[in-house]
Undergrad: 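Have a look at this one before I ask anything.
In what follows, every chain begins at residue 1, and chains take the letters A, B, ... in the order their sequences are listed.
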Number of protein chains: 2
Amino acid sequence: MRIYLIFLKFESIIKTMSNSSRKILSEHSVSITNPRILVLEALLEFGNPITIDELQLKLKDSVAKSTLYRVLNDLKRINILNEFTSPDNSTVVELILEDHPHHHHLFCSDCGEVIDVELSDEFELMLTKEIEKIQKNFNFEIKDHRVEMIGLCTEECANCK
Amino acid sequence: MRIYLIFLKFESIIKTMSNSSRKILSEHSVSITNPRILVLEALLEFGNPITIDELQLKLKDSVAKSTLYRVLNDLKRINILNEFTSPDNSTVVELILEDHPHHHHLFCSDCGEVIDVELSDEFELMLTKEIEKIQKNFNFEIKDHRVEMIGLCTEECANCK
DNA sequence: CTAATAAATGAGACTTATTCTCATTTATTG
DNA sequence: CAATAAATGAGAATAAGTCTCATTTATTAG
């Protein structure tokens, strides 16, 4: 009985993710197809930024490699996917959801994990001021910034030796 | 006469770069070879961070592709070369010279130029404090950080359309 | 200064991530 | 439900970076 309830809960999470995937696609007037739903579901389920390698593993049996890349490009085009390169040179993607505030990234150079971190408002304010100075000094128009922190996720990580 | 003097000056700059290249190599007990000198000279001459593509162009007729990559790996190994990925996904390298202080990068998303920028001491201090907080919250040991600024080098750039 | 040896190089084959092609399948719309 | 445009899968093509191996170069002992 308990197991069954857990299963129901699990099923409903899956259904919810499938629904949000469909919603995301239709909101951006992108046609709703199976590979797109599967990719979005995988990204929603994982929650954190994920390397394309890992994503490919998760979807190996359901989405062709070429389609995966195409879908990722579709999501970038409609501005709901952020792509960047980790310090160990793997390509990492993450969904940009409406409720996802401005944030930065923390990389474990051992296991490759990528974690979203928000920095304090005071810090962001100060960075904005620095950026204004730089803009003037270098005659540059700065549109975006990133703070990357690289280190080791010291404790009890199953993937770090 | 004037031209000749200019030539002499130019020649002496080249000689200086060759000398510093040799010095750099011997200081790190790396054997002094022609490709290594040529790569170091190119990096010293360019001065700014440079994409591997551009570097390859500059050295096309003097250093084999495989050797270029090998030399870059050698320089990374002795910790005098910093490698990172620009927002448009090209690999960028830059020499880390002794007199080169801690700095960050400004990227032009139009022409691809990469510029070194130093941020204020107050800013770096505040970032250090933020990082301490993050370390505690996430049980992470942060070893390094990067601030990347992305924008457009608005004025009179020959390479931007 | 030279010979012996270890290390580095060049050329091109190989690998891997990403994009492209094209025949087939699927979604959308009327 | 049929027509049409768009998306997909499979695998070929491309490009960045690494590897192999025969040849060349740097280093060092004598």
Undergrad: For A/Glu27, what residues pass the salt bridge (Lys or Arg N to Asp or Glu O under 4.0 Å) criterion, not counting sequence neighbours?
TA: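 If we apply the salt bridge (Lys or Arg N to Asp or Glu O under 4.0 Å) test to A/Glu27, skipping adjacent residues, the hits are A/Lys23.
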
Undergrad: Quick one: list whatever passes side-chain hydrogen bond (donor to acceptor under 3.5 Å, both in side chains) with B/Asp88, sequence neighbours left out.
TA: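 B/Asp88 satisfies side-chain hydrogen bond (donor to acceptor under 3.5 Å, both in side chains) with B/Ser86, B/Ser90 once adjacent residues are dropped.
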
Undergrad: Could you give the CG-to-C1' distance, from A/Leu68 to C/dC20, as a whole number of Å?
TA: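 Going from CG in A/Leu68 over to C1' in C/dC20 covers 16 Å.
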
Undergrad: Determine yes or no for a side-chain-to-main-chain donor-acceptor pair under 3.5 angstrom, with B/Glu148 supplying the side chain and A/Arg146 the backbone.
TA: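 Checking the backbone N and O of A/Arg146 against the side chain of B/Glu148, no donor-acceptor pair under 3.5 Å is found.
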
Undergrad: Can you tell me how far C1' of C/dA8 sits from CG of B/Asn73, to the nearest Å?
TA: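 Spelled out: CG on B/Asn73 to C1' on C/dA8 is 14 Å.
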
Undergrad: The criterion is salt bridge (Lys or Arg N to Asp or Glu O under 4.0 Å); which residues satisfy it with B/Arg77, sequence neighbours excluded?
TA: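 Expected list: B/Asp74.
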
Undergrad: Strictly by ring-ring contact (aromatic ring centres under 6.0 Å, His included), give each pair with a member in residues 137-160 of chain B just once, sequence neighbours left out.
TA: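 Non-adjacent pairs meeting ring-ring contact (aromatic ring centres under 6.0 Å, His included): B/His102-B/His145, B/His104-B/His145.
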
Undergrad: Please round to 10 degrees the angle between the axis of the first five pairs and the axis of the last five pairs in the helix from C/dC1-D/dG30 to C/dG30-D/dC1.
TA: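 Result, rounded to 10 degrees: 40°.
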
Undergrad: Tell me, please, which residues at least two apart from A/Glu132 pass side-chain hydrogen bond (donor to acceptor under 3.5 Å, both in side chains).
TA: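 Applying side-chain hydrogen bond (donor to acceptor under 3.5 Å, both in side chains) to A/Glu132 gives none.
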
Undergrad: How many Å lie between CG on B/Leu55 and C1' on D/dG17, as a whole number?
TA: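 It works out to 14 Å between those atoms.
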
Undergrad: Distance-only, no hydrogens or angles: does the A/Arg22 side chain make a donor-acceptor pair with backbone N or O of A/Ile32 under 3.5 Å?
TA: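 The answer is no, because no donor-acceptor pair under 3.5 Å joins these two groups.
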
Undergrad: Taking B/Thr85's backbone N and O only, do any of them form a donor-acceptor pair with B/Thr91's side chain (distance below 3.5 Å, no angle check)?
TA: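 No; judged by distance alone, with no hydrogens or angles, the pair does not exist.
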
Undergrad: A/Asn48: which residues meet the side-chain hydrogen bond (donor to acceptor under 3.5 Å, both in side chains) condition with it, sequence neighbours left out?
TA: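 For A/Asn48 there are no side-chain hydrogen bond (donor to acceptor under 3.5 Å, both in side chains) partners, ignoring immediate neighbours.
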
Undergrad: In residues 58-67 of chain A, which residues come under 4.0 Å of DNA chain C by heavy atom?
TA: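 Contacts with DNA chain C under 4.0 Å: A/Lys65, A/Ser66.
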
Undergrad: Which of residues 75-92 of chain B have a heavy atom under 4.0 Å from DNA chain D?
TA: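 Within residues 75-92 of chain B, the residues near DNA chain D are B/Thr91.
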
Undergrad: Do A/Glu94 and A/His105 have a side chain donor and acceptor closer than 3.5 Å?
TA: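 A/His105 and A/Glu94 do have a side-chain donor-acceptor pair below 3.5 Å.
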
Undergrad: If you assign each of A/Asp74 and B/Gln56 to its closest nucleotide in DNA chain D, which residue comes earlier from the 5' end?
TA: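 Final value for this comparison: A/Asp74.
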
Undergrad: How would you list all residue pairs meeting salt bridge (charged side-chain N to carboxylate O under 4.0 Å, His left out) that involve residues 49-67 of chain A, not counting sequence neighbours?
TA: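 Every pair satisfying salt bridge (charged side-chain N to carboxylate O under 4.0 Å, His left out) with a residue in residues 49-67 of chain A: there are none.
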
Undergrad: Taking CG from B/Leu72 and C1' from C/dA8, how many angstroms apart are they, rounded to a whole number?
TA: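 From B/Leu72 CG to C/dA8 C1': 15 Å.
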
Undergrad: Once each nucleotide of nucleotides 21-30 of chain D is scored for protein heavy atoms under 4.0 Å, what B/S/- sequence comes out, 5' to 3'?
TA: -----SS---

Undergrad: Has the side chain of A/Glu141 got a donor or acceptor atom that lies under 3.5 Å from a matching backbone atom of B/Leu152?
TA: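 Checking the backbone N and O of B/Leu152 against the side chain of A/Glu141, no donor-acceptor pair under 3.5 Å is found.
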
Undergrad: Give a yes/no on whether any side-chain N or O of B/Tyr69 is located under 4.0 angstrom from OP1 or OP2 of D/dT18.
TA: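 No, because none of the side-chain N or O atoms of B/Tyr69 sits under 4.0 Å from OP1 or OP2 of D/dT18.
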
Undergrad: Mind calculating the distance between CD1 (B/Ile52) and P (D/dA15) to the nearest angstrom?
TA: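 Taking CD1 of B/Ile52 and P of D/dA15, I get 17 Å after rounding.
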
Undergrad: Apply side-chain hydrogen bond (donor to acceptor under 3.5 Å, both in side chains) to A/Asn73 and list each qualifying residue two or more places apart in sequence or on a separate chain.
TA: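 By the side-chain hydrogen bond (donor to acceptor under 3.5 Å, both in side chains) rule, A/Asn73 matches A/Lys76.
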
